[in-house]
Amino acid sequence: MPPPGVQIYHADYAWLAGDRVAEGVQILTGNGRISGVVTGVERAARATHLPGLTLPGFANAHSHAFHRALRGRTHRGSGSFWTWREDMYAVAARLTPDSYYRLARATYAEMALAGITCVGEFHYLHHDTGGVRYADPNAFGDALIAAAADAGIRITLLDTCYLAGGIGEPLEGPQLRFGDGDAAGWGERAAALQGSDQARIGAAIHSVRAVPADQLSTVAGWAAERELPLHFHVSEQRAENEACLAAYRRTPVQLLGEHGALGERSCAVHATHLEQADTEALGATHTTVCMCPTTERDLADGIGPARALADAGAPLALGSDSNAIIDMFEETRALELDERLASERRGHWPVSELLDAATAGGHATLGWPEAGRLEVGALADFVTVGLDSVRLAGSAPDTLLESVVFAAATGDVREVVVGGRRVVRDGRHALIADVATELDSAITAVLA
């Protein structure tokens with residue numbers, strides 16, 4: 001008999017390390033952590049069965065939850081990143097802390113159904129219309145933390161400094177809701193945010209477009225003093241590079257590096273259009289790079305040099321970004337498949353490295369280094385992928401990881417455990433009865 005409070009799970013297959021799965025894996029959990037892992041055993045009578053392949057929970061390292069309201073609404077016609085941004089601003093203009101809570105709660109529940117156990121929320125919507133502060137200056141941030149808790153997943157709230165409408169341009173219209181005056185004002189507000197067992201706080205520089213050069217060091221220093229993650233969008237668009245070079249005679253990566261923003265606790269999001277020296281700088285400083293392939297496709301950003309970045313020494317993570325799709329299987333395989341399109345060559349990553357970007361790599365850059373692995377002492381966060389769908393029929397144990405990474409979809413997620421608690425049971429959310437209805441209601445309320 002296990003000690004009181006210990007839960008026993010039995011996985012048909014589990015990924016513990018390397019490019020092969022283990023069979024008949026017993027996972028013991030207690031106090032929110034994994035307390036035992038035993039392979040090659042029969043299922044115990046008291047064990048909760050995890051039918052299929054069990055993986056560490058996915059970490060969605062870059063999300064803007066309110067962008068979920070735009071899904072399917074920006075594809076008619078052509079346009080660009082910049083025209084899409086106007087549609088995004090229109091949604092930002094409508095949100096209140098209450099409506100954002102409802103939208104984020106439903107969006108995070110959708111993430112749970114997709115096997116995501118931790119999200120990095122890149123959060124820059126801070127204030128009321130016109131930039132007027134709420135009585136609680138962190139009303140939006142607190143709403144997002146509550147939304148994640150109520151959806152059953154972990155969150156790192158990456159509170160974002162956003163001070164300018166472009167290099168040398170003031171905030172205008174809905175952008176006024178993002179600003180704190182200067183980096184010191186941002187830091188004063190962000191310092192009041194409180195984490196919890198399921199929530200941690202980080203910092204973000206929106207971009208070199210949105211934070212003037214003389215403010216970058218303040219944000220980077222604030223994060224460094226507190227040993228918190230520091231994330232930033234960088235070189236997503238060629239126009240960003242051109243504007244930065246014109247204003248500062250430096251690339252965005254060079255500018256951020258000169259102001260102390262690169263390093264092992266930092267994460268460069270997108271990094272699509274880099275000079276060779278940028279790639280080398282990100283690698284030499286071991287700055288994580290978060291690729292967001294489905295959004296980068298959706299916005300026609302381009303394909304970033306992921307393999308070159310990894311070879312230079314930059315760890316990789318993955319994110320759903322605009323939430324045009326929430327599917328970490330698709331983000332994971334896209335790392336390889338997009339590289340194939342760019343290089344006209346196959347086989348850039350072993351499957352274990354792809355999965356590491358979706359699990360341990362993402363958790364590490366979000367400030368949860370104790371998550372992302374199925375091992376004793378790790379947080380008891382894991383996802384089970386069923387093998388009984390048409391997508392995975394015929395899968396064999398020797399190549400099961402490849403089958404799941406290159407063919408599975410969110411509909412194959414059967415079980416999700418966060419902190420030892422079952423959040424998804426047999427493909428249904430255990431805390432929110434009808435996630436689709438919740439999403440529909442929240443989106444309709446925002447766009448009405």
Quiz item: Can you tell me how far CG of D159 sits from CG of L193, rounded to the nearest 0.5 angstrom?
Solution: 5.0 Å
Quiz item: Going by atom types only, do D87 and T74 share a side-chain donor-acceptor pair under 3.5 Å?
Solution: no
Quiz item: So, the side chain of R226 versus the backbone of W222: is there a donor-acceptor pair under 3.5 Å, distance only?
Solution: yes
Quiz item: Hey, would you say the H206 and F178 ring centroids sit under 6.0 Å apart?
Solution: no
Quiz item: How far does CD1 of I8 sit from OG1 of T48, to the nearest 0.5 angstrom?
Solution: 8.5 Å
Quiz item: D12 side chain to G52 main-chain N or O, any donor-acceptor pair under 3.5 Å?
Solution: yes
Exercise. Please name the pair of heavy atoms, one in I145 and one in Q194, separated by the smallest distance, quoted to 0.1 Å.
Key: CD1-O, 3.7 Å
Practice problem: Start with the C-alpha gap between Y108 and D150, add the side-chain angles, then the distance that decides, and say whether side-chain hydrogen bond (donor to acceptor under 3.5 Å, both in side chains) holds. | Solution: CA-CA 9 Å; Y108 296 153; D150 292 344; over 6 Å; no
Exercise. Using a 4.5 Å cut-off on heavy atoms from C-beta on, say whether the side chain of R414 contacts that of D426.
Key: yes
Practice problem: Take the angle between the ring planes of W84 and H67 and call it parallel below 30°, perpendicular above 60°, tilted in between. | Solution: perpendicular
Quiz item: Quick one: do D338 and R297 make a salt bridge, cutoff under 4.0 Å?
Solution: yes
Exercise. Please confirm whether Y162 and H126 have ring centers closer than 6.0 angstrom.
Key: no
Exercise. Report the C-alpha separation of D381 and H363 in whole Å, then their side-chain angles, then the decisive distance to 0.1 Å, and conclude whether the side-chain hydrogen bond (donor to acceptor under 3.5 Å, both in side chains) test is met.
Key: CA-CA 11 Å; D381 299 354; H363 281 101; 4.9 Å; no
Quiz item: Without hydrogens or angle criteria, can the side chains of S352 and D19 be said to hold a donor-acceptor pair below 3.5 Å?
Solution: yes
Self-check item: H231 and H62 aromatic centres sub-6.0 Å
Solution: no
Practice problem: Could you tell me whether D311 and R307 make a salt bridge, using a distance below 4.0 angstrom between a side-chain N and a carboxylate O? | Solution: yes
Practice problem: Any chance you could lay out the ring-ring contact (aromatic ring centres under 6.0 Å, His included) test for F406 and F329, step after step, and finish with the verdict? | Solution: CA-CA 7 Å; F406 287 100; F329 302 106; over 10 Å; no
Quiz prompt | Criterion side-chain contact (heavy atoms from CB on, under 4.5 Å) on N323 and M111, from CA distance to verdict | solution = CA-CA 10 Å; N323 296 309; M111 291 183 190; 3.6 Å; yes
Quiz item: Less than 4.5 Å apart, any side-chain heavy atom of V37 and any of E375?
Solution: no
Quiz item: Can you say whether the rings of Y134 and F140 are parallel (under 30°), tilted (30 to 60°) or perpendicular (over 60°)?
Solution: perpendicular
Quiz item: Can you name the one residue among T54, D398, L400, T39 that meets side-chain contact (heavy atoms from CB on, under 4.5 Å) with V21?
Solution: L400
Quiz item: When rounded to the nearest 0.5 angstrom, what is the spacing between SG in C118 and CZ in R200?
Solution: 8.5 Å
Quiz item: Counting distance only, does the side-chain N/O of S196 pair as donor-acceptor with the main-chain N or O of A199 below 3.5 Å?
Solution: yes
Quiz item: How far does OG1 of T295 sit from CD of E331, to the nearest 0.5 angstrom?
Solution: 6.5 Å
Quiz item: Is the closest basic N to carboxylate O distance between R340 and E344 below 4.0 Å?
Solution: no
Self-check item: Nearest-0.5 Å distance, CG of residue L230 to OG1 of residue T288
Solution: 11.5 Å
Quiz item: What is the ring orientation for H10 with H49, classed by angle as parallel under 30°, tilted 30 to 60°, or perpendicular over 60°?
Solution: tilted
Quiz prompt | salt_bridge(D197, R154) N-O dist < 4.0 Å | solution = no
Practice problem: Inspect the contact between D128 and R133 and indicate whether a charged nitrogen and a carboxylate oxygen are less than 4.0 angstrom apart. | Solution: no
Self-check item: Among W15, Y9, F58, ring-ring contact (aromatic ring centres under 6.0 Å, His included) partner for F382
Solution: Y9
Quiz item: If we ignore angles and hydrogens, is there a donor and acceptor under 3.5 Å between the side chains of T272 and D301?
Solution: no
Practice problem: Output, in order, the C-alpha distance, side-chain angles, deciding distance and verdict of side-chain contact (heavy atoms from CB on, under 4.5 Å) for H233 and I205. | Solution: CA-CA 7 Å; H233 297 123; I205 294 166; over 6 Å; no
Quiz item: Would you find a donor on one side and an acceptor on the other, under 3.5 Å apart, between the side chain of S35 and the backbone of L28?
Solution: yes
Practice problem: Report the C-alpha distance between H270 and D321 in whole Å, list the side-chain angles of each, state the deciding distance to 0.1 Å, and finish with yes or no for side-chain hydrogen bond (donor to acceptor under 3.5 Å, both in side chains). | Solution: CA-CA 10 Å; H270 301 303; D321 192 2; 3.3 Å; yes
Quiz prompt | Beyond-backbone contact of R346 with H348, side-chain heavy atoms, under 4.5 angstrom | solution = no
Quiz item: Going by heavy atoms in the side chains, are T410 and L113 under 4.5 Å from each other?
Solution: no
Quiz item: When you measure from the side chain of T156 to the backbone N and O of L366, does any donor-acceptor pair fall under 3.5 Å?
Solution: yes
Quiz item: Should D440 and T444 be marked as a side-chain contact (heavy atoms from CB on, under 4.5 Å) after you check the CA-CA gap, both sets of side-chain angles, and the distance that decides it?
Solution: CA-CA 6 Å; D440 184 72; T444 299; 4.1 Å; yes
Quiz prompt | Donor-acceptor pair, side chain of H429 and main chain of L431, under 3.5 angstrom | solution = yes
Quiz item: CG/L70 to CE/M88 distance, rounded to the nearest 0.5 angstrom?
Solution: 8.5 Å
Quiz item: Are any of the side-chain nitrogens in E110 or R105 under 4.0 Å away from the carboxylate oxygens of its partner?
Solution: no
Quiz item: Between E415 and R421, is there a salt bridge with N-O shorter than 4.0 Å?
Solution: no
